[in-house]
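What follows is one structure encoded as structure tokens, with my remarks underneath.
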Amino acid sequence: MAQSTTTTWDMLKATLDNILGRLYNYHGATQKPETGTEPVWTAPSNLPEGTTSPQEYFLHYFQSQSSVPTKNECVTTAAVMGMNIMKDRAASGNLGPVQFISNLSLKEYTSNLDKRGILGWKYRIQTGIPIFEGMMTPWQAVLALRDHAKKTKKDHGRSYKARLSPRCTVNDLINNLKQGNIMLIHGAWGIKLATAIKDRHLPFIGGMPHTMLLVGYDPGTDHWLILDPARNLPPTIRHMKTEELIKDFWGRKFLFYPPRFSVTVIYPDQ
């Protein structure tokens, strides 16, 4: 009887996974972007002294979301990396190489928000709140970046802007990279009900949401170059092929994230 019940439940989970896959998975085209043959990095033309490559430049800014107590810090971490990058560019001005000046840490940033109590919820759900603790939504990230940009303008006379753009294409990503704009790329990892050990509610809402910082693309290997806050130290550049990026992450639907193919674009204030 127990074996029969188990078999029936397994069949039900497989059926539900099939239905959820049709609902949340992306089933469209996965064409590569239209670009040249050379890697495209959104690094400044004048790299900091002693920096030998765009990869080395961006790895300087890498932070891991595991460096603070909560597990929901991917958006916060990507935003903090973006803040440091844009502040350094603003503080260095147009002449000479960019200088490594800003060193805001994820721990410092989240701690300061927690100290603000309910006022900090404008940007991030406070540490200690069950299930959602530490979560920053993409919409909150835009608010956090814009407030940081105001301070950057006040301190250095130059600043940046941030906007959330849904329903983008891979060619939009390339255009932003060529313009020197870094991007918080929002998506979700697929989780099947049949194999979920914990967080069994996630398959019903689209999977595990995640946000990463997109900094480049290599057309030779068809690799998108990403700072992934979920990667453990030491710092590494994550490589994802276009098909993997679209089908397994960016093209998935998650109920409490923006529509498929959304990015938060961070660009200099002209």
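Computed over heavy atoms, backbone and side chain alike; hydrogens, waters and symmetry mates excluded. We number each residue from 1, following the sequence as shown.
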Any Arg238 side-chain heavy atom under 4.5 Å of Leu227 side chain: no
Candidate pair His156 and Lys87, rule side-chain contact (heavy atoms from CB on, under 4.5 Å), full reasoning: CA-CA 8 Å; His156 303 288; Lys87 182 175 180 180; 3.5 Å; yes
All side-chain hydrogen bond (donor to acceptor under 3.5 Å, both in side chains) counterparts of Asn175, not counting sequence neighbours: none
Heavy-atom side-chain contact between Thr110 and Leu106 under 4.5 Å: yes
Asp248 and Tyr26 side chains, donor-acceptor separation under 3.5 Å: no
Pairing residues for Phe100 by the ring pair (Phe, Tyr, Trp, His ring centres under 6.0 Å) criterion, not counting sequence neighbours: His60, Tyr61
Ala162 backbone acceptor or donor facing Arg146 side chain under 3.5 Å: yes
Single-linkage hydrophobic cluster Met240~Phe261, side-chain heavy atoms < 4.5 angstrom: yes
From NZ (Lys241) to NE2 (His223), nearest 0.5 Å: 4.0 Å
Contact list for residues 34-54, test salt bridge (charged side-chain N to carboxylate O under 4.0 Å, His left out), sequence neighbours left out: none
Salt-bridge criterion met for Glu133 and Lys71 (N-O under 4.0 Å): no
Main-chain N/O of Ala194 paired with Asp17 side-chain donor or acceptor, under 3.5 Å: yes
Close side-chain approach of Val170 to Ile246, heavy-atom, < 4.5 Å: yes
Whether Thr42 side chain and Gly180 backbone form a donor-acceptor pair below 3.5 Å: yes
Mutual orientation of the aromatic rings belonging to Tyr257 and His186 [parallel < 30°, tilted 30-60°, perpendicular > 60°]: perpendicular
Thr195 and Lys192, any side-chain heavy atoms less than 4.5 Å apart: yes
Side chain proximity check, Leu173 to Leu214, heavy atoms < 4.5 angstrom: yes
Spatial distance of atom CZ (Phe254) from atom CE (Met208) [nearest 0.5 Å]: 8.5 Å
Same apolar cluster (I L V M F W Y, side chains within < 4.5 Å links), Val68/Val75: yes
Joint cluster assignment, Ile129 & Met135, ILVMFWY side-chain distance < 4.5 Å: yes
From CA spacing to verdict: side-chain contact (heavy atoms from CB on, under 4.5 Å), Phe249, Glu244: CA-CA 7 Å; Phe249 177 71; Glu244 178 188 6; over 6 Å; no
Working for side-chain hydrogen bond (donor to acceptor under 3.5 Å, both in side chains), residues Asp172 and Thr169: CA-CA 5 Å; Asp172 291 327; Thr169 68; 3.2 Å; yes
Candidate pair Ser102 and Asp88, rule side-chain hydrogen bond (donor to acceptor under 3.5 Å, both in side chains), full reasoning: CA-CA 6 Å; Ser102 183; Asp88 279 354; 4.6 Å; no
Leu164 reachable from Tyr160 in the ILVMFWY side-chain graph, under 4.5 Å edges: no
Asp269 side chain to Ser159 side chain, donor-acceptor N/O pair below 3.5 angstrom: no
Candidate pair Tyr57 and Thr52, rule side-chain contact (heavy atoms from CB on, under 4.5 Å), full reasoning: CA-CA 8 Å; Tyr57 165 77; Thr52 60; over 6 Å; no
Distance-only donor-acceptor check, side chains Thr15 and Asn18, under 3.5 Å: no
Asp114 versus Thr127, side-chain donor and acceptor atoms under 3.5 Å: yes
Pairwise side-chain contact, His239 with Leu225, heavy-atom cut-off 4.5 Å (strictly under): yes
Pair Lys151 + Asp155: basic N to acidic O under 4.0 Å: yes
Leu184 reachable from Ile125 in the ILVMFWY side-chain graph, under 4.5 Å edges: no
Side-chain touch Glu73/Ser66, heavy atoms, less than 4.5 angstrom: no
Test item: Ile226 and Leu245 side chains (from C-beta on) under 4.5 Å apart, heavy atoms: yes
CG-NZ distance between Leu20 and Lys13, expressed to the nearest 0.5 angstrom: 13.0 Å
Donor-acceptor side-chain pairing of Gln140 and Thr137 below 3.5 angstrom: yes
Point-to-point distance, once rounded to the nearest 0.5 Å, from CZ of Arg260 to CH2 of Trp250: 12.5 Å
Quiz item: cation-pi between Arg163 and Tyr267, 6.0 Å / 45°: yes
